[in-house]
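This report concerns only the one structure given below.
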Amino acid sequence: MARFTLPRDIYHGKNALEALKSIKGDRAVIVTGGGSMKRHGFLDDVSHKLKDAGFEIQLIDGVEADPSVETVMNGARAMRQFEPDWIVAIGGGSAIDAAKAMWVFYEYPDISLEDILAPFSFPTLRQKARFCAIPSTSGTASEVTAFSVITDYDKGVKYPLADFNITPDMAIVDASIAMTMPRSLAANTGMDAMSHAIEAYVSTLHCDYTDPLAIQAIRLINENLIPSCDADETARQKMHDASCLAGMAFSNALLGIVHSMAHKTGAAFSSGHIPHGLANAMYLPKVISYNAKDEPTRARYAQIARAMGIDGTDDGELTDNLKKRLCEMRDSLGIPSCIAKFDSGSIGRDEFYQKLPQIARLAVSDACTLSNPRRIDDITMQRLFECCYNDLEVDF
Ligand code: ATR
C-alpha cells in the first residue's frame, strides 16, 4: 500500500489570497519571517482579510532563516496562550516550516522534539487548529509538503521532521507574493524546485501519482526559471505554480542524495551558510552522473530530457545533454559550478578535506538517501563530494 497526501484545498492564480476571506474560525495566529512580508505590504493584506472574515488575530514574527528549536518553542508557547483555531504561515520555507513545528507543540505541550524525530511518528493533529500556508518563495514548497526542518544551534544539528499530519490543510499559491523576491533568491529557490522535481521523478518511491506532477514541474521550470529571474511576471507566476507541483510530487515520492548532500553541507563550514537551492544546483549534475550508471535510472533521466525537449539518440546521450542543460541554467543564473568556487573560494581546501569524512557519513545517513535510486557508501560519498568540490567528472 502507498499513501498520497496533499492539502485539502490549493488556491492558485491571480488574487488567490482572497481565499482567506472564506475560512471560518475565531482566532488566527499569523507566523512570518524577518520583515519582508511586512515591508512589501503582504502581512497587512493578510491581516485585513482575516479580520474581514471575523478573526481576532495575533502575530508571531521574526522567524529566522533555518529556524531554531527556541523559535519553535516560543511560538508554541504564544499559541497556547492565544489558542488559535487557524495557523496562517506566510513567508519562505523557513516561516512555514517553523509554524508547522509550533503547531505540533501547541497541540501537544507535553511532548518533546525527541518524541517526533522518527519519521511518521507524530500524534494526531487538528485537535485545536488547522493550518494555512502562503509561500513567498518558489522552491521549498512547504505549503504542500509533510516536512519541516528545524535547527538545534547548540548541538549544530538540523532535524528534518516528516509526517503527513503537518501537510497543511490549505495552501494559497499567489504569485504576487513571489514578485518581490530578489534575483538570487528566485534563482536559488528555483533550482531547489528543479532538484525536487528531478529527484522525485527518479526516486525509488516514484509512482503514477507523483510522476505527472514531477514532469510538469520540470517542463515549467525549464521554460520559466531563467526569464522569471529576469523579472518576467508571467514566468514568475509559472515558477510559483511549478514549485508547488514539484512539492506535491516530492512530498509523496521523497527525494535523493542531492538533498542529503545539501542538508549536510548547508551549515558545515566556518565561512558561513551555503544557500540550500544553490547547493542543490551545484550537486545535481554530479549526482545525475552517479545515478545514471544504473541503466533503469538512466532511462528515467532520458525521459526527463525528452520532456524538456532535449535531443539525443540514446539514453546515454539524452542524460549527458540533460546535465549540459542543467549546467547552462546554473551558469546563466550566476550559480557557481562547484564548492571551491562558491563565495569567492571562501570554503578552503584544508577545511573541506578535514570535514569530508564526517560530512560524507552524515549525508549517507540522511533520510533522503533511502529513496535515492542508486545505493552509496561512505567512501563513495566522499569521492562524490570531492567531485562537487573540484568540479571533476564522476566516473564511478
Ligand atoms: P526558503 O524558501 O528558501 O526556505 P527562507 O529561508 O524562508 O527561504 O527566506 C530566505 C530569505 O528570503 C529571508 O531573508 C526572507 O526574508 P524574511 O525573513 O524577512 O521574510 C526572504 N524572502 C522570502 N520571501 C521573499 C519575498 N517574496 N520577497 C523578498 N524577500 C523574501
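Fair warning: this is a prediction, and the values are worked out from it, not measured in the lab. We count ligands from 1, going down the list as the structure has it; atoms in each ligand are counted the same way.
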Practice problem: Look at atom 24 (N) of ligand 1 and say whether a protein heavy atom is found at less than 4.0 angstrom from it. | Solution: yes
Quiz item: Is there a donor in the side chain of R306 and an acceptor in the side chain of Q303, or the other way round, less than 3.5 Å apart?
Solution: no
Quiz item: So, D97 versus S142: side-chain donor-acceptor pair below 3.5 Å or not?
Solution: yes
Quiz item: Below 4.0 Å from any atom of ligand 1, is there a heavy atom belonging to M181?
Solution: yes
Quiz item: Quick one: does S136 get an N or O within less than 3.5 Å of an N or O on ligand 1?
Solution: yes
Quiz prompt | Option nearest atom 30 (N) of ligand 1 (shortest heavy-atom distance, choices P135, G33, S36) | solution = S36
Quiz item: Does I177 reach ligand 1 with a nitrogen or oxygen that is under 3.5 Å from one of the ligand's nitrogen or oxygen atoms?
Solution: yes
Quiz prompt | Non-hydrogen side-chain atoms of S346 and F269 separated by less than 4.5 Å | solution = no
Exercise. Give a yes or no on whether a salt bridge exists between D44 and R39, defined as a side-chain N under 4.0 angstrom from a carboxylate O.
Key: no
Quiz item: Does L318 reach the side chain of I304, with side-chain heavy atoms less than 4.5 Å apart?
Solution: no
Quiz item: By number and element, which atoms of ligand 1 are closer than 4.0 Å to a non-hydrogen atom of G35?
Solution: 17 (P), 19 (O)
Quiz item: Just distances here: any N/O of A65 and N/O of ligand 1 closer than 3.5 Å?
Solution: no
Quiz prompt | Protein contact for atom 28 (N) of ligand 1 (heavy atom, distance under 4.0 Å) | solution = yes
Quiz item: For H196, what residues pass the side chain to side chain donor-acceptor pair (under 3.5 Å) criterion, not counting sequence neighbours?
Solution: D192, H259
Practice problem: Classify the side-chain pair S94/E64 by whether it contains a donor and acceptor separated by less than 3.5 Å. | Solution: no
Self-check item: Proximal candidate to atom 10 (C) of ligand 1 [heavy atom criterion; set T32, D97, L185, T189]
Solution: L185
Quiz prompt | Partners meeting ring-ring contact (aromatic ring centres under 6.0 Å, His included) with Y389 (sequence neighbours left out) | solution = F352
Quiz item: When you check the side-chain N and O atoms of N291 and Y301, is any donor under 3.5 Å from an acceptor?
Solution: yes
Self-check item: Closest protein heavy atom (residue, atom, distance) for atom 17 (P) of ligand 1
Solution: G34 N, 3.3 Å
Self-check item: Per-atom contacts, ligand 1 versus T140 - under 4.0 Å to a heavy atom
Solution: 1 (P), 2 (O), 3 (O), 4 (O)
Exercise. Give the atoms of ligand 1, by number and element, whose distance to some non-hydrogen atom of T180 is under 4.0 Å.
Key: 26 (C), 27 (N), 28 (N), 29 (C)
Quiz item: So between A178, S94, A98, G91, whose heavy atom ends up nearest atom 6 (O) of ligand 1?
Solution: S94
Self-check item: Heteroatom distance test (M37, ligand 1): nitrogen or oxygen, under 3.5 angstrom
Solution: no
